[in-house]
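Note on naming: letters A, B, ... go to the chains in the order of the sequence lines (proteins, then strands), and numbering restarts at 1 for each one. None of these values were measured; they are calculated from a predicted model.
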Number of protein chains: 2
Amino acid sequence: MDEQNIPDIVVSRLPRYLQVLQRMYHENQQTTSSQELARKLGLSAAQIRKDLSQFGEFGKQGTGYSIRFLIDQLQSILKVNHGWEMALVGAGDLGHAIARYQGFSNRGFCIRVIFDNDPEKIGKDINGITVDDISHLEERIKDLGIKIAMLTVPSPAAQAVAERLVQAGIQAILNYAPVPLSLPPQVYIQNIDPIIHLQHMTFYLE
Amino acid sequence: MDEQNIPDIVVSRLPRYLQVLQRMYHENQQTTSSQELARKLGLSAAQIRKDLSQFGEFGKQGTGYSIRFLIDQLQSILKVNHGWEMALVGAGDLGHAIARYQGFSNRGFCIRVIFDNDPEKIGKDINGITVDDISHLEERIKDLGIKIAMLTVPSPAAQAVAERLVQAGIQAILNYAPVPLSLPPQVYIQNIDPIIHLQHMTFYLE
DNA sequence: CCCTGTGAACCAATTCACAGCT
DNA sequence: AGCTGTGAATTGGTTCACAGGG
């Protein structure tokens with residue numbers, strides 16, 4: 001299970017496996033098969049078996065997989081069995097919505113600090129967290145040892161703020177600004193831009 | 001340029017090309033090269049040339065690509081040169097943030113209707129659009145001929161609302177609920193779930 | 001010289017098909 | 001019979017390297 005040997009495309013599917021497994025678990029299902037998972041996810045059964053087999057032998061011939069056990073394994077592989085503390089930078093509409101979202105905690109994450117540069121917002125409370133002045137960004141993130149940040153600042157500010165986050169020790173950034181960030185290669189970046197998804201679909205429309 | 005012959009993975013990169021090209025255009029740059037684009041996007045130059053060559057010969061040897069011309073071509077390929085009208089279903093925090101987002105119009109989209117089932121929200125105005133009762137969903141979407149919907153309802157409601165959208169003639173859904181939708185294959189679905197991205201990155205952390 | 005477009009070569013990912021266990 | 005795990009085969013994607021035009 002050495003991180004270097006696992007194709008990234010396999011890793012990218014694991015969170016989706018975990019998502020449907022947790023759903024099944026909450027519906028009190030005990031076991032499943034590669035076939036059932038494949039159907040729910042729109043993949044092939046062979047692919048799911050191959051993906052999982054990269055990390056160990058989690059199934060039983062004839063029976064399939066124990067859902068509980070597979071969830072534990074995937075959480076451990078993805079390192080989401082201990083809630084990661086995150087920083088949220090940007091308390092605009094989107095930042096607000098994310099800060100108030102209740103779905104992080106049971107999937108391995110929680111928001112620990114929120115930053116903004118707007119005096120109107122600094123000091124306000126969102127979901128139990130006081131919005132902090134962005135000038136405290138480096139200090140606070142270092143003190144708390146936070147490794148993950150979500151970036152919801154206006155596009156023109158994104159690159160500069162991202163660089164400050166890296167300075168502060170952030171190792172993974174979920175970037176909501178529709179600009180590609182240019183950062184040292186050891187920093188992991190994921191982008192969320194709804195318009196990219198919309199344009200992907202319009203290619204096939206009409 | 002027949003839609004069926006183009007690998008989906010190529011299509012998925014075109015919106016990102018368009019995004020950086022539009023950015024360069026706004027910075028008054030006239031021409032670019034596959035190399036420059038590759039650097040900005042973190043891809044290889046050969047890949048960008050191959051991708052674009054699927055749709056025509058847009059570049060000039062020795063000179064590279066005219067940014068303006070390439071933008072026009074990509075917009076036409078992705079069919080984002082005429083603003084698509086969209087429905088937004090779910091006017092909670094996230095729906096609110098999306099409705100107030102100003103970045104749709106210059107990338108080929110606009111929100112035309114917003115639905116919710118909460119009497120508190122129905123009738124309220126968000127960014128110039130009056131929130132409509134979700135019971136009018138089918139009627140309104142059919143009347144307006146809307147083909148694209150964004151779904152920001154609570155997870156338990158997502159599947160049922162999605163089915164109603166399909167009934168109403170929706171052909172593409174951008175789903176923000178963290179559940180995989182099960183819909184007829186002719187409906188295009190894209191999912192946005194921040195936690196999937198976060199879990200993808202935590203695999204590589206520590 | 002610089003850069004595109006592209007067949008050929010290479011590499012990666014998925015599917016097949018079956019041995020082996022329940 | 002049912003299902004996993006896995007080499008082998010196949011399919012798909014990316015990179016190489018170069019001809020040819022500016």
Side-chain angles (χ1 to χ4, degrees), chain A residues 1-17 20-21 24 29-74 77 200 203-204, chain B residues 1-17 20-21 24 29-74 77 200 203-204:
Chain A
M1 185 208 136
D2 202 0
E3 272 153 40
Q4 299 301 50
N5 305 334
I6 311 288
D8 183 69
I9 195 160
V10 172
V11 178
S12 76
R13 284 190 290 263
L14 301 183
R16 300 179 55 213
Y17 298 168
V20 311
L21 285 163
M24 292 160 100
Q29 198 176 332
Q30 306 289 316
T31 63
T32 186
S33 64
S34 58
Q35 220 172 80
E36 186 185 26
L37 287 171
R39 189 171 38 72
K40 298 214 184 209
L41 286 157
L43 303 172
S44 78
Q47 176 159 81
I48 288 172
R49 292 201 302 276
K50 254 251 152 73
D51 283 355
L52 295 176
S53 74
Q54 297 263 3
F55 303 94
E57 308 200 352
F58 301 141
K60 284 199 182 61
Q61 287 137 323
T63 347
Y65 301 90
S66 153
I67 288 178
R68 178 62 199 270
F69 178 71
L70 197 47
I71 288 175
D72 285 347
Q73 294 300 314
L74 285 172
I77 291 163
H200 184 168
F203 175 83
Y204 297 103
Chain B
M1 185 207 135
D2 203 359
E3 271 153 41
Q4 300 302 51
N5 305 335
I6 311 287
D8 184 67
I9 194 159
V10 172
V11 178
S12 75
R13 283 189 290 262
L14 301 183
R16 299 180 54 214
Y17 298 169
V20 310
L21 286 163
M24 293 160 99
Q29 197 176 334
Q30 306 289 315
T31 63
T32 186
S33 65
S34 59
Q35 221 173 78
E36 186 185 27
L37 287 171
R39 191 171 36 75
K40 297 213 186 210
L41 287 156
L43 304 171
S44 78
Q47 176 159 79
I48 288 173
R49 292 201 301 276
K50 253 255 152 72
D51 284 355
L52 296 176
S53 75
Q54 296 263 3
F55 302 95
E57 308 199 354
F58 301 141
K60 284 196 182 61
Q61 287 137 322
T63 346
Y65 301 91
S66 152
I67 289 178
R68 179 62 200 270
F69 178 72
L70 196 48
I71 288 175
D72 286 348
Q73 294 299 315
L74 285 172
I77 291 164
H200 183 167
F203 175 82
Y204 297 102

Nucleotide D:dG5, atom P - distance to CZ of A:F58 in whole Å
9 Å
Judged by nearest nucleotide, the residue sitting upstream toward the 5' end of DNA chain D, A:K60 or B:L43, is A:K60
Using whole Å, what does the distance between atom P of nucleotide D:dG5 and atom CG of A:D51 come to?
12 Å
Do A:K50 and D:dG7 share a donor-acceptor pair, side chain to base, under 3.5 Å?
yes
May I have the distance from A:L41 (atom CG) to C:dT14 (atom C1'), rounded to whole angstrom?
16 Å
Of A:S44 and A:G62, the one whose nearest nucleotide on DNA chain C sits closer to the 5' end is A:S44
Nearest-angstrom distance from the residue atom CG of A:N5 to P of C:dC11:
17 Å
On DNA chain C, check which nucleotide each of B:S53 and A:D8 is closest to and give me the residue with the more 5' one.
B:S53
For a 4.5 angstrom cut-off between non-hydrogen side-chain atoms, does A:F203 reach B:V10?
no
Does a side-chain heavy-atom distance below 4.5 Å link A:R13 with A:L43?
yes
Would you mind telling me which of D:dG22, D:dT6, D:dT4 lies closest to the side-chain atoms of A:E57?
D:dT6
If you check the A:P7 side chain, which of C:dT14, C:dA13, D:dT14 turns out closest?
C:dA13
Closest approach to the side chain of A:Q61, judged atom by atom: which nucleotide of D:dT4, C:dT14, C:dT4 is it?
D:dT4
Of the candidates D:dC16, C:dT4, D:dG13, the side chain of B:A46 sits closest to D:dC16
Output the rounded distance in Å from CD1 (B:I48) to P (C:dC3).
14 Å
What's the closest nucleotide to the side chain of A:R49 if the choices are D:dG5, D:dG22, C:dC21?
D:dG5
Using a cut-off of less than 4.0 Å, is there contact between a side-chain N or O of B:Y65 and OP1 or OP2 of C:dC2?
no
At under 4.0 Å, does any side-chain N or O of A:T63 touch on OP1 or OP2 of D:dC3?
no
Show your reasoning for whether side-chain contact (heavy atoms from CB on, under 4.5 Å) applies to A:Y65 and A:L52.
CA-CA 11 Å; A:Y65 301 90; A:L52 295 176; 3.9 Å; yes
Given D:dG5, D:dC3, C:dG5, which nucleotide is nearest the side-chain atoms of A:S33?
D:dC3
Under 4.0 Å, heavy atoms only, any strand: does B:I9 hit a base, just the sugar-phosphate, or nothing?
sugar-phosphate
If you compare every side-chain N and O of B:Q47 against the phosphate oxygens of D:dT14 (OP1, OP2), does one of them come in below 4.0 Å?
yes
Rounded to the Å, how far apart are B:F69 CZ and C:dT4 P?
14 Å
Heavy-atom side-chain contact between B:L41 and B:I48 under 4.5 Å:
yes
Under a 4.5 Å cut-off applied to non-hydrogen side-chain atoms, are B:H200 and A:D8 in contact?
yes
Take atom CD of B:Q54 and atom P of C:dG5, then tell me their distance rounded to the nearest Å.
12 Å
Scanning both residues in full, the closest heavy-atom pair of B:Q29 with B:I67 reads O-CD1, 3.6 Å
Euclidean distance, atom CG of residue B:L37 to atom C1' of C:dC2 [Å, nearest integer]:
16 Å
